[in-house]
Amino acid sequence: MFFICHGDLSGSGDSGMVATSQKKFDNFENHGAGFFHGDSHTLNTLGLKLIAGRHFSEDEVIYSAGKPVIKSVIITQSLANKLFPKGNALGKQLFLGGNDQVTIVGIVEQMSGSWVHSSMFEDNMITPFVPLYTFKRILIRAENKATADKLLGEVENILIKRNPERVINAIRSLQELRTRSYFGDSAMTTILWIVIILLVLITAFGIVGTVSFNVNQRTKQIGTRRALGARKVDIQRYFLTENFLISNEPNSGN
């Protein structure tokens, strides 16, 4: 089980500015990042791929209701590239303002943040801190979808049983959060597809109407050609070629 102060794609969470030196931080030469807090099971719970460094050790995890003194962090490759464009971010220091200075002990390949349309969506850092606040979010990883669906119905009862005074706002899967977060984008994509299909149909009907009109206007010409030995395919090829030339004819106004 992994405790987290805010969840991926939730639209709510912690963020702040980070820099590679105190001087840069003071001069606003910094970058925005999403802040996540968790324990030594964080990466496994979120399914993150560690590409450099190590996981948090149990001794590093701080359990506190106050402001902790963090010494180590794990960051995403995206944030590492922005802070250290020449590479070698592992083991380097980050400055969070004031006297807060942390060491990068690990780098993960990719991690989604809380704000899907933010420029720092993939720029995130994880600290070894489990907040003992009254309000918290708990993220549980299931072995498979069937287990996850079962847990969604049981986890509330388990949490209430452990603490009858607990108030649970909602229990959602990350898939549900992802669907809600991208609902506007999905709706816009659907609308655009509908518009494209309608335009294609209108264009197709226009072409059919034009061809039908031309054919009806030239029945005598078609009959004459047929009488002279033209085949049906020859007539069809003639009208197809004519329509192709008309549709590709340059605009007379250009």
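These numbers come from the heavy atoms of this one structure, side chains and all, not from hydrogens, waters or symmetry mates. Every value quoted in this text rests on a predicted model; they were computed, and no experiment measured them.
Here the NZ-CG distance, from Lys24 to Asn30, works out to 10.5 Å after rounding to the nearest 0.5 Å. From Ile75, atom CD1 reaches atom CG of Leu90 across 9.0 Å, with rounding to the nearest 0.5 Å. Rounded to the nearest 0.5 angstrom, Leu94 CG and Thr20 OG1 are separated by 8.0 Å. Rounding to the nearest 0.5 angstrom, the gap separating the CG atom in Asn88 from the NZ atom in Lys86 is 11.0 Å. Distance check: Ile70 CD1 to Met125 CE gives 9.0 Å after rounding to the nearest 0.5 Å. To the nearest 0.5 angstrom, Ile107 atom CD1 is 8.5 Å from Asn81 atom CG.
Cluster membership check: Ile168 shares its hydrophobic cluster with Val155, using side-chain heavy-atom separations under 4.5 Å among Ile, Leu, Val, Met, Phe, Trp and Tyr. Hydrophobic clustering of Ile, Leu, Val, Met, Phe, Trp and Tyr side chains at less than 4.5 Å, counting indirect connections, unites Leu199 with Ile191. Hydrophobic clustering (side-chain heavy atoms under 4.5 Å, transitive across Ile, Leu, Val, Met, Phe, Trp, Tyr) groups Ile126 together with Leu50. In the hydrophobic clustering of ILVMFWY residues, with side-chain heavy atoms under 4.5 Å counting as a link, Val208 and Val200 come out apart.
Within 6.0 Å of the CZ atom in Arg180, the count of heavy atoms belonging to other residues, nucleotides or ligands does not exceed 12. Taking a 6.0 Å sphere around CE of Met17, one finds it holds more than 12 heavy atoms contributed by other residues, nucleotides or ligands. Annotation: Asn163, atom CG; neighbour count of heavy atoms from other residues, nucleotides and ligands within 6.0 Å is above 12. More than 12 heavy atoms of other shown residues, nucleotides or ligands fall within 6.0 angstrom of atom NZ in Lys82. Other residues, nucleotides and ligands contribute more than 12 heavy atoms inside 6.0 Å of the NZ atom of Lys92.
Ion pair Lys67/Asp100 flagged as a salt bridge, since at least one NZ, NE, NH1 or NH2 atom sits closer than 4.0 Å to an Asp/Glu carboxylate oxygen.
Of all the heavy atoms in Ser21 and Phe95, the pair that sits closest is CA-CD1, 3.2 Å. Asp14 and Trp115 get closest at one heavy-atom pair: O-CH2, 3.6 Å. Ala33 and Val18 make their closest contact through CB-CG2, 4.4 Å (heavy atoms, listed as atom of the first residue, atom of the second, distance). Closest heavy-atom contact between Thr127 and Val73: CG2-CG1, 3.8 Å. Of all the heavy atoms in Phe84 and Ile104, the pair that sits closest is CE1-CD1, 3.8 Å. Summarising the geometry of Ser72 relative to Glu60, their closest heavy-atom pair is OG-OE2, 2.8 Å, with the distance given to 0.1 Å.
Counting side-chain heavy-atom gaps under 4.5 Å among Ile, Leu, Val, Met, Phe, Trp and Tyr, Val167 is found in no cluster with other residues.
With hydrogens and angles left out, the side-chain atoms of Thr76 and Glu122 include no donor and acceptor closer than 3.5 Å. No side-chain N or O of Ser40 forms a donor-acceptor pair with one of His55 less than 3.5 Å apart. When only modelled atom types and interatomic distance are considered, Gln77 and Glu109 share no side-chain donor-acceptor pair under 3.5 Å. In summary, the side chains of Ser78 and Asp123 do present a donor paired with an acceptor at a separation below 3.5 Å, with no hydrogens or angles considered.
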**OP:** With side chain to side chain contact (heavy atoms under 4.5 Å, CB included) as the test, would you mind laying out the steps for Leu46 and Met111 before giving the verdict?
**Re:** CA-CA 9 Å; Leu46 289 174; Met111 176 183 177; 3.9 Å; yes

Original post:
Could you go step by step and tell me if Ser114 and Phe121 meet the side chain to side chain contact (heavy atoms under 4.5 Å, CB included) rule?
Top reply: CA-CA 7 Å; Ser114 298; Phe121 178 56; over 6 Å; no

**OP:** Would you please test Asp26 and Lys23 for salt bridge (Lys or Arg N to Asp or Glu O under 4.0 Å) and show each step?
**Re:** CA-CA 5 Å; Asp26 295 337; Lys23 181 179 179 180; over 6 Å; no

**OP:** Dump the intermediate steps for side chain to side chain contact (heavy atoms under 4.5 Å, CB included) on Phe56 and Val105, then the final yes or no.
**Re:** CA-CA 8 Å; Phe56 294 132; Val105 299; 4.1 Å; yes

Original post:
What do the steps show when you test Leu79 against Asn124 for side chain to side chain contact (heavy atoms under 4.5 Å, CB included), and what is the final call?
Top reply: CA-CA 7 Å; Leu79 182 59; Asn124 300 292; over 6 Å; no

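A donor-acceptor distance shorter than 3.5 angstrom exists from the side chain of Arg166 to the backbone of Leu159, with no hydrogens or angles considered. Ser64 places a side-chain N or O within 3.5 Å of a backbone atom of Gly66 that can act as its donor or acceptor partner. No donor-acceptor pair closer than 3.5 Å links the side chain of Asn27 to the backbone N or O of Glu29.
Contact of the Ile51 side chain with the Lys49 side chain is registered, since non-hydrogen atoms from C-beta on lie closer than 4.5 Å.
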